[in-house]
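We count ligands from 1, going down the list as the structure has it; atoms in each ligand are counted the same way.
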Amino acid sequence: MTMRVFIPRDAGAVAVGADEVALALEQAAAVRGMPLEIVRTGSRGLYWLEPMVEVVTSSGRIAFGPVSATDVPSVLEAMASEGPHALRLGAPGKIFWLRRQTRLTFARCGVVDPRSLGDYRIHGGYDGLERALSLGADAILADVTASGLRGRGGAGFPTGIKWKTVALAPADRKFIVCNADEGDSGTFADRMIMEGDPFVVIEGMTIAAIAVGATKGYIYIRSEYPHAVAAMKAAIAAAKRGGYLGARIGDSRHGFDLEVRVGAGAYVCGEETSLLESLEGRRGIVRAKPPLPAHKGLFGKPTVINNVLSFAAIPFILAGGAKAYADFGMGRSRGTMPIQLAGNVRYGGLFETAFGITLGELVDDIGGGTLTGRPIRAVQVGGPLGAYFPRALFDTPFDYEAFAARDGLIGHGGVVVFDDSVDMAKQARFAMEFCAIESCGKCTPCRIGSTRGVETLDKIIRGERVNDNTAVIEDLCNTMKFGSLCALGGFTPYPVMSALKHFREDFGPRPARLEAAE
Ligand SMILES: Cc1cc2nc3c(=O)[nH]c(=O)nc-3n(C[C@H](O)[C@H](O)[C@H](O)COP(=O)(O)O)c2cc1C
Ligand code: SF4
C-alpha cells in the first residue's frame, strides 16, 4: 500500500529544512522499494516543531517533529511499522497547542494540499460562495455585518459597514483589493494562510465582489513573500480552470477576475491609500482622506480594501452563518483572532482563538515563557506601532477596546516577547528610527518629528539632561499623535510612550540592571 506523507511547503518550514526532509524521505523510500506519496501542505503553525511531518496510519494522521534529514530513515521505519519514535507527536489535533485553539479561519491550513482545488472542495471549500450566490448581495452584507467581523489589518473597522459603503456607491466599475503587505514585526498569519489555504482568500474576495458589485480584484503581496506569491498565482489559475473565477462564477451571472501584484518593500505601502498609489504604478505615498477608498479608491473607483485575514474569515461566516462566528469573542470583538506568537518565546507560532484570552495566558501558558528561560519583561502587541506591555498589564484580554483602554492596540495580532535583558530606551529609539526610515514624507510631524525623536532619545541614552529631553520626547509624541496624516506617524508614540511610562528606569544613564547582566 502507498504510504501517504504530508510535509509543509510553508516558507517557515522550508527555512528549517522541510525541502531536505522531503527529498530524504523520497530517496529513503525508493531505496527500500516502498511506494510513497508526498503531499506538500501549509504549516499547522507550531513552528518549534517544524519540519513537522505527518503520515496517514490506521488510526488517522500521526505527526513527527521536528524532523531533520538525518532522522528520516528511522522516522520512515516508525511510520511504516506504526511503532514508537522519539519524535513521534501523535495525532496533530491532540497536541496541546492545537487542542487549545479554535480554528475557524485556519481550519484547513496544514491539512490540505494548497495547490488542489479538489482538496479544498472536499474540506468544505466554496460552501460559503455557494450560499452567497443563493442569498444575493443584500443578505451577504447583512450576514457579514451580523457576524461582527472587524478588519484584521490593524484598525479593526467593521467589515460589513465598509462593504455596504462600496455597495451603495454608484459607479461603472468597482474593485476588491486584498492587503497582503503584512509589514508588522512578528506577524506571519497572512503569509501562512496564503501559502497553506490560498483558495479561502480567493473565496472571501469573490464573495465580497458579489456583495458590492465588483468585477476585478488585486492581491497586493509584499515582495519578501515569494512562496505566497507562487501559491496565490497557482490557486488563481486553478480557480479559473475550475470556473470559480472568470466570466461566470459557479455558472452564475457574476463575473470576477483576480491578479497578484507584488510590492517593492515599503512598510507604508501597507497603509491602504499608499497601497492604492503603489498599485496604480506610483510611489507609495499616503493619500489624504476623505475621499475614502470605499468612495474613490483604485483608479478613482469605489474599492473594498481588506486584510488577508478579513477576507479569509468570510467563507466560514457565509457557510456556517453569522451567528456561528459571532458566538465567539467578547464585547465588540467578535469571532476569532489568528494570534502570532513571536520574538523570545518558547513556543512560537500561529494560535487562533476567540477574543478574550488574556495576554498573560498567551505568553505564559501558550507561549511557555521565553526561549532563553529568563523572565519576560515586556511584550509588544500590534507590530512596530504597538505598545510595550509590562507584566502588570498581562491581565488585559485580547479585545480591541480593552487594549485601547490601556493605550495599546491589537493591530494584526502580532505578539513579540522580550526577556529581562531588553533595554527599553533602545526599543523606544528603535520605534522612532523605524518611523524615520519608513515615513512616506508627506507630513511634517512624522517626517521631521521621527528624526528629531531619534536624536533626542540618543541624548537621553547618553545621559544628557535626561529630564528635559524626556519632556521634549513627550511633547514631540503628542505632536506626532495628533498632527500626523496616517497611523505611521500617529501611532509611533505608542511604543515610545509605553516604554517611557512602564520602564522609566531604562531611560537615562545605562541601567544598573543591564550593566550587571553584561
Ligand atoms: C503604516 C501602516 C501600515 C499598514 N500595514 C498594513 C498591512 O501590512 N496589512 C494590512 O492589512 N493593513 C495594514 N494597514 C492598515 C490598512 O491601512 C487598512 O486599514 C487595512 O488594509 C484595511 O483592511 P481591514 O479593514 O481588513 O483591516 C497599515 C496601516 C498603516 C497606517
Ligand atoms: S504620518 Fe508619516 S507615513 Fe503617514 S502620511 Fe505622514 S509622513 Fe507619510
Side-chain angles (χ1 to χ4, degrees), residues 105 144 149-163 165-166 176-191 193-194 201 204-205 208 218-225 263 265-279 283-289 292-294 297-298 303-314 337-338 382-386 400 409-414 431-432 434-451 453 479-494:
T105 302
V144 174
L149 177 67
R150 293 166 71 174
R152 303 293 189 232
F157 188 80
T159 306
I161 294 179
K162 186 184 282 189
W163 288 18
T165 309
V166 177
I176 307 294
V177 174
C178 177
N179 188 341
D181 200 50
E182 196 164 54
D184 280 2
S185 40
T187 65
F188 43 84
D190 293 352
R191 181 189 59 70
I193 200 90
M194 287 189 288
V201 182
M205 291 180 76
Y218 294 93
I219 306 179
Y220 184 94
I221 307 178
R222 66 183 313 191
S223 60
E224 295 90 337
Y225 282 179
Y267 179 72
V268 78
C269 282
E271 193 282 334
E272 56 188 12
T273 61
S274 186
L275 186 156
L276 295 175
E277 286 288 301
S278 173
L279 258 186
R283 209 179 114 196
I285 294 188
V286 172
R287 294 178 185 169
K289 285 190 265 192
L292 294 169
L298 190 62
T303 302
V304 166
I305 176 161
N306 275 127
N307 175 250
V308 173
L309 300 180
S310 312
F311 284 123
I314 296 293
M337 183 72 196
L385 311 176
Y400 292 104
L409 53 115
I410 285 180
H412 184 48
M432 277 292 187
F434 181 81
C435 183
I437 292 168
E438 297 295 338
S439 168
C440 84
K442 182 148 177 165
C443 66
T444 313
C446 169
R447 185 184 69 248
I448 307 285
S450 53
T451 297
T479 306
M480 289 176 72
K481 188 170 171 184
F482 297 108
S484 295
L485 188 57
C486 87
L488 180 44
F491 283 28
T492 291
Y494 281 87

> Which protein N, O or S atoms does atom 8 (Fe) of ligand 2 have within a distance shorter than 2.8 Å?
Replying inline: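 Near atom 8 (Fe) of ligand 2, below 2.8 Å, one finds Cys440 SG.
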> Using a threshold of 4.0 angstrom between heavy atoms of the protein and any atom of ligand 1, which residues qualify?
Replying inline: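 Under the 4.0 Å cut-off, ligand 1 touches Gly151, Arg152, Gly153, Gly154, Lys162, Asn179, Asp181, Glu182, Gly183, Tyr267, Gly270, Glu271, Glu272, Ile305, Asn306, Asn307, Ser310, Ala487, Leu488.
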>> Between Tyr220 and Ile305, does the side-chain contact (heavy atoms from CB on, under 4.5 Å) criterion hold? Intermediate values first, please.
In response: CA-CA 10 Å; Tyr220 184 94; Ile305 176 161; over 6 Å; no
Please report the shortest heavy-atom distance between [X] and [Y], naming the atom on each side.
X      : Y      : value
Gly156 : Tyr400 : CA-CE2, 3.9 Å
Thr303 : Leu298 : OG1-N, 2.8 Å
Leu409 : Leu385 : CD2-O, 3.5 Å
Gly483 : Pro445 : O-CG, 3.3 Å
Gly151 : Ser310 : CA-OG, 3.6 Å
Cys178 : Val308 : SG-CG2, 3.6 Å

>> If the test is side chain to side chain donor-acceptor pair (under 3.5 Å), which one of Arg222, His412, Arg152 qualifies with Asp190?
In response: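 Passing option: His412.
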>> Go through it in stages, so that I can follow the logic: the residues are Tyr267 and Asp184, the test is side-chain hydrogen bond (donor to acceptor under 3.5 Å, both in side chains), and I'd like the CA-CA distance, side-chain angles, deciding distance and then a yes or no.
In response: CA-CA 8 Å; Tyr267 179 72; Asp184 280 2; 2.8 Å; yes
